[in-house]
Amino acid sequence: MKRIQSALFALALLASGAAFADVTVPHLDVGKGGHCVNDPKFMKLNHGDLLMHQRTITVHQGVRGRYSLEKCVNCHASRVNNSVLGTDRNFCQGCHAYAAVKIDCFECHSSRPETVSETLTEIAK
Ligand code: HEC
Ligand code: HEC
Ligand code: HEC
């Protein structure tokens, strides 16, 4: 029984963001470079919540801000295929595949630089 409990505890730890801080993702293509919108370590742990919050305040209050998805894509698109998706080296897909996270954001948002606004204008019509 003891053993089962500690195994479950280890699983719970693995599923939490805290455990993720120590995970090193091999060979991730960060994209075009520059300085991230916040400290990369902070971003690694918090970008999901930041994006969800940015979405809420942009869509409901029209406030555009620091954590715009369009900005992430502009910087993090690979120089190889100009996208954040496509292979397991591409920035968003690569880490999510590794960490087994699934997001549906790119069904609507462009995964390539500078076409996000056009894409969303089409959807919003
Ligand atoms: C270094 C690894 C890593 C990279 C790079 C990364 N993610 Fe994530 N992402 C995660 C992990 C792990 C989670 C789940 C834990 C969390 O929410 O922090 C997550 C969660 C998310 C969530 C929240 C999903 C939900 O249902 O709450 C969104 C949205 C997201 N990521 C978007 C992105 C986008 C967009 C990019 C590319 C610009 C990206 N991520 C790059 C690791 C990464
Ligand atoms: C069904 C289509 C759809 C899906 C799926 C979707 N979005 Fe959006 N999103 C929109 C539309 C439409 C807007 C409003 C367009 C605008 O005001 O620029 C928007 C706006 C946003 C914004 C504010 C504008 C910007 O560029 O930052 C963020 C952030 C955002 N979404 C993040 C996400 C994330 C993260 C996911 C996945 C968890 C997601 N969206 C999934 C349609 C979608
Ligand atoms: C001006 C360019 C730029 C913008 C805009 C930008 N980033 Fe970054 N980001 C970077 C660079 C470069 C790194 C790598 C820095 C390093 O490792 O020292 C990075 C690191 C990260 C990391 C950590 C990756 C890891 O392996 O630990 C995450 C997660 C991240 N960014 C997500 C985002 C998200 C989400 C957005 C949009 C809200 C965004 N970034 C906007 C340039 C950018």
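We count residues from 1, following the sequence as given. What you are looking at is a predicted structure, and each value in this text was computed from that prediction instead of being measured. Counting starts at 1 for both ligands and their atoms, in listed order.
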* To do: Would you mind running through ligand 3 and noting each atom that sits below 4.0 Å from a heavy atom of Gly33?
  => 2 (C), 12 (C), 42 (C)
* Considering the heavy atoms of Gly34, write down every atom of ligand 3 situated less than 4.0 Å from one of them. => 12 (C)
Identify, by atom number and element, the atoms of ligand 2 in contact range of [X], meaning under 4.0 Å from any of its heavy atoms.
X      : value
Thr58  : 23 (C), 24 (C)
Arg64  : 16 (C), 17 (O), 18 (O), 24 (C)
Cys108 : 1 (C), 2 (C), 3 (C), 4 (C), 5 (C), 42 (C), 43 (C)
Gln54  : 29 (C)
Asp104 : 5 (C), 37 (C), 38 (C)

* Looking only at heavy atoms, is any part of Ile103 under 4.0 Å from ligand 2, and if so is it the side chain, the backbone, or both, or is it neither? -> neither
* Is His109 close to ligand 2, meaning an N/O of one under 3.5 Å from an N/O of the other? ->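 Between His109 and ligand 2, an N or O pair is found under 3.5 Å apart.
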Near [X], which atoms of ligand 1 are under 4.0 Å from a heavy atom of that residue?
X     : answer
Leu51 : 32 (C), 35 (C)
Gly48 : 21 (C), 22 (C), 23 (C), 28 (C)
Cys95 : 1 (C), 2 (C), 3 (C), 4 (C), 5 (C), 42 (C), 43 (C)
Leu28 : 5 (C)

* To do: Report yes or no: does Cys72 have an N/O/S atom closer than 2.8 Å to atom 8 (Fe) of ligand 3?
  => no
Heavy atoms only, cut-off 4.0 Å: how does [X] contact ligand 1, side chain, backbone, both, or neither?
X     : answer
Leu45 : backbone
Val73 : neither
Phe91 : both

Check for me whether [X] has a heavy atom closer than 4.0 Å to any atom of ligand 2.
X      : result
Glu107 : no
Lys71  : no
Leu69  : yes

* ligand 3 N/O within reach of His47 N/O, cut-off under 3.5 Å ->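 So ligand 3 has no N or O lying under 3.5 Å from an N or O of His47.
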* **Nearest option to atom 11 (C) of ligand 1, as decided by whichever heavy atom of Val101, Val30, Asp29 sits closest** => Val101
* To do: Using heavy-atom distances, let me know which of Met52, Glu70, Arg55, Lys102 sits nearest atom 39 (C) of ligand 2.
  =>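 Selected option, by shortest heavy-atom distance: Arg55.
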* To do: Taking both backbone and side-chain atoms into account, decide whether His96 has an N/O/S atom under 2.8 Å from atom 8 (Fe) of ligand 1.
  =>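 Checking His96: at least one N, O or S atom is under 2.8 Å.
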* **Which segment of His35 sits under 4.0 Å of ligand 3 when only heavy atoms are counted** => backbone
* Asked: Strictly under 2.8 Å, is any N, O or S atom of Cys105 next to atom 8 (Fe) of ligand 2?
  -> no
* Minimum heavy-atom distance His76-Cys36, with the two atoms named ->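 Closest heavy-atom pair between His76 and Cys36: NE2-SG, 4.3 Å.
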* To do: Could you give me the CA-CA distance, side-chain angles and deciding distance for Tyr67 and Ile57, then say whether side chain to side chain contact (heavy atoms under 4.5 Å, CB included) is met?
  => CA-CA 11 Å; Tyr67 301 108; Ile57 62 172; over 6 Å; no
